[in-house]
> 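The structure under discussion is supplied below as structure tokens; questions concerning it will follow.
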Protein chains: 2
Amino acid sequence: MDNRTYSIRQLSKEFDVTARALRFYEDKGLISPERKGQTRLYSARDRARLQLILRGKRLGFSLVEIHEILDLYTPKDHGASQMKATLVKYRKQIETLKRQREDIDAAISDMQAGCVWLEEQVQKLEAENLQQSKA
Amino acid sequence: MDNRTYSIRQLSKEFDVTARALRFYEDKGLISPERKGQTRLYSARDRARLQLILRGKRLGFSLVEIHEILDLYTPKDHGASQMKATLVKYRKQIETLKRQREDIDAAISDMQAGCVWLEEQVQKLEAENLQQSKA
DNA sequence: AAATATCTTGACGTTTACGTCAATGTAAAG
DNA sequence: CTTTACATTGACGTAAACGTCAAGATATTT
């Protein structure tokens with residue numbers, strides 16, 4: 001296992017988030033670093049959770065939603081019925097992500113089409129300008 | 001062309017957003033429906049822009065970012081240098097979207113892996129339970 | 001025409017996700 | 001041992017994205 005620990009500053013620098021944000025995430029129950037006296041000591045697991053948090057943010061999820069996603073990653077190891085319930089959540093989450101991917105793909109297509117169109121316009125304009133400079 | 005117009009309520013019902021939100025988007029310069037006297041009349045174009053707005057929101061973009069994206073879609077038809085500048089923005093936006101898709105793909109992979117793992121656990125548990133009920 | 005439904009523009013309230021001090025504590029460096 | 005650096009916990013401030021009245025104009029149904 002990875003026993004390295006990180007101070008709040010190290011982590012905030014590495015991921016370009018403020019210490020305030022890290023404490024805020026802790027407040028909301030997204031991370032729970034250990035303490036050496038007063039000061040926080042982030043483990044490799046905390047670091048991994050932070051990565052998931054930031055990915056969730058980049059995808060536009062709220063901290064509450066991210067919390068639920070993190071809960072899925074946190075093995076609860078309960079009865080079979082509990083695990084089946086969790087599986088349902090997993091699959092819902094996967095569906096949500098897939099719909100989001102469709103949105104992204106559509107957006108990329110749109111953008112690329114617009115890009116191509118614009119490139120054509122530029123070509124035309126520059127062709128005209130060439131004509132003009134000849135005359 | 002599509003000459004149909006929509007009242008604020010029609011649009012809000014169709015896309016499941018409040019009238020307040022539509023007025024808010026207008027306030028922020030994202031849509032600008034015409035007026036018949038006082039009341040707003042949304043055109044097919046406004047409707048299309050609304051769809052883009054909502055897609056942007058699903059992808060986690062802020063209204064300011066969405067505004068910039070909408071600007072890209074709005075043909076300015078200026079000089080070649082202007083259009084080239086726009087092209088740069090297009091390509092940046094496409095890069096942003098592609099990075100987001102990588103995030104999504106990673107998230108989906110993670111989720112599917114966790115899903116498979118969980119399914120195995122459930123299998124094991126149920127196998128144990130079968131053993132128990134035999135004895 | 002009266003009632004009902006829908007539209008309008010303010011204006012203030014609310015939630016989320018932190019930013020920004022302030023006051024204090026601890027710990028390493030000179 | 002004092003300065004310097006980074007840690008802590010409040011507490012208040014803030015930007016974004018609307019929600020939620022209020023008060024009035026308009027339009028349509030009965």
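In what follows, chains carry the letters A, B, and so on, assigned in the order in which the sequence lines appear, proteins first and then strands, with residues in each chain numbered from 1.
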> Would you call B/E119 and A/R91 a salt bridge, using N to O less than 4.0 angstrom?
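Salt bridge present between B/E119 and A/R91.
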> At under 4.0 Å, does any side-chain N or O of B/T39 touch on OP1 or OP2 of D/dA27?
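The answer is no; no side-chain N or O of B/T39 sits under 4.0 Å from OP1 or OP2.
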> Heavy atoms within less than 4.0 Å of DNA chain C: which residues of residues 54-73 of chain A have one? Give them sorted by number.
A/K57, A/S62, A/L63
> Identify which nucleotide among D/dA17, D/dT9, C/dC7 has an atom closest to any side-chain atom of B/S7, counting heavy atoms from C-beta outward.
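Per side-chain heavy atoms of B/S7, the pick is C/dC7.
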> Side-chain contact test, heavy atoms from C-beta onward, threshold under 4.5 Å: evaluate it for B/E34 versus B/S43 and give yes or no.
no
> Would you mind reading off the distance between A/E26 atom CD and D/dT8 atom P, rounded to a whole angstrom?
8 Å
> Whole angstrom is fine here: how far is it from CG in A/L22 over to C1' in D/dA7?
13 Å
> If you look at every strand shown and take non-hydrogen atoms under 4.0 Å, does A/R20 touch a base, only sugar-phosphate, or nothing?
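Base contact - A/R20 has a heavy atom under 4.0 Å of at least one base atom.
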> If the condition is salt bridge (Lys or Arg N to Asp or Glu O under 4.0 Å), which residues does A/E14 pass it with, not counting sequence neighbours?
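For A/E14 the salt bridge (Lys or Arg N to Asp or Glu O under 4.0 Å) partners, ignoring immediate neighbours, are A/R47.
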> Less than 4.0 Å between a side-chain N and a carboxylate O, is that true for A/K89 and A/E95?
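A/K89 and A/E95: not salt-bridged.
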> For the pair made of NZ in A/K36 and P in D/dA7, what is the distance, rounded to whole Å?
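One finds 11 Å between P of D/dA7 and NZ of A/K36, rounded.
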> Return no unless some side-chain N or O of B/Y25 is found under 4.0 Å from OP1 or OP2 of D/dA17.
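Checking B/Y25 against D/dA17: no side-chain N or O falls below 4.0 Å of OP1 or OP2.
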> Specify the separation, in whole Å, of atom CZ of A/R23 and atom P of D/dC6.
13 Å
> Check the distance between D/dA25's C1' and B/Q38's CD and give it to me in whole angstrom.
7 Å
> Just wondering, do A/R40 and A/Y42 contact through their side chains at under 4.5 Å, heavy atoms?
yes
> With respect to the side chain of A/R9, which nucleotide from D/dT8, C/dG19, D/dC6 is positioned closest?
D/dC6
> Is the closest basic N to carboxylate O distance between B/E126 and A/K84 below 4.0 Å?
yes
> Taking atom P of D/dC18 as reference, at what distance in whole Å does atom CZ of B/F15 sit?
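My rounded result for the distance is 15 Å.
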> Please report, rounded to the nearest Å, how far the C1' atom of D/dA7 is from the OH atom of A/Y42.
11 Å
> Looking at residues at least two apart in the chain, or sitting in another chain, which of them share a salt bridge (Lys or Arg N to Asp or Glu O under 4.0 Å) with A/R58?
B/D103
> What is the distance, to the nearest angstrom, from the CG atom on B/L11 to the C1' atom on C/dC7?
15 Å
> Give the nucleotide from the list C/dC18, D/dG19, D/dA7 with an atom nearest to the side chain of A/F24.
C/dC18
> Can you figure out which of C/dC7, C/dC18, D/dT8 approaches the side chain of A/A21 most closely?
C/dC18
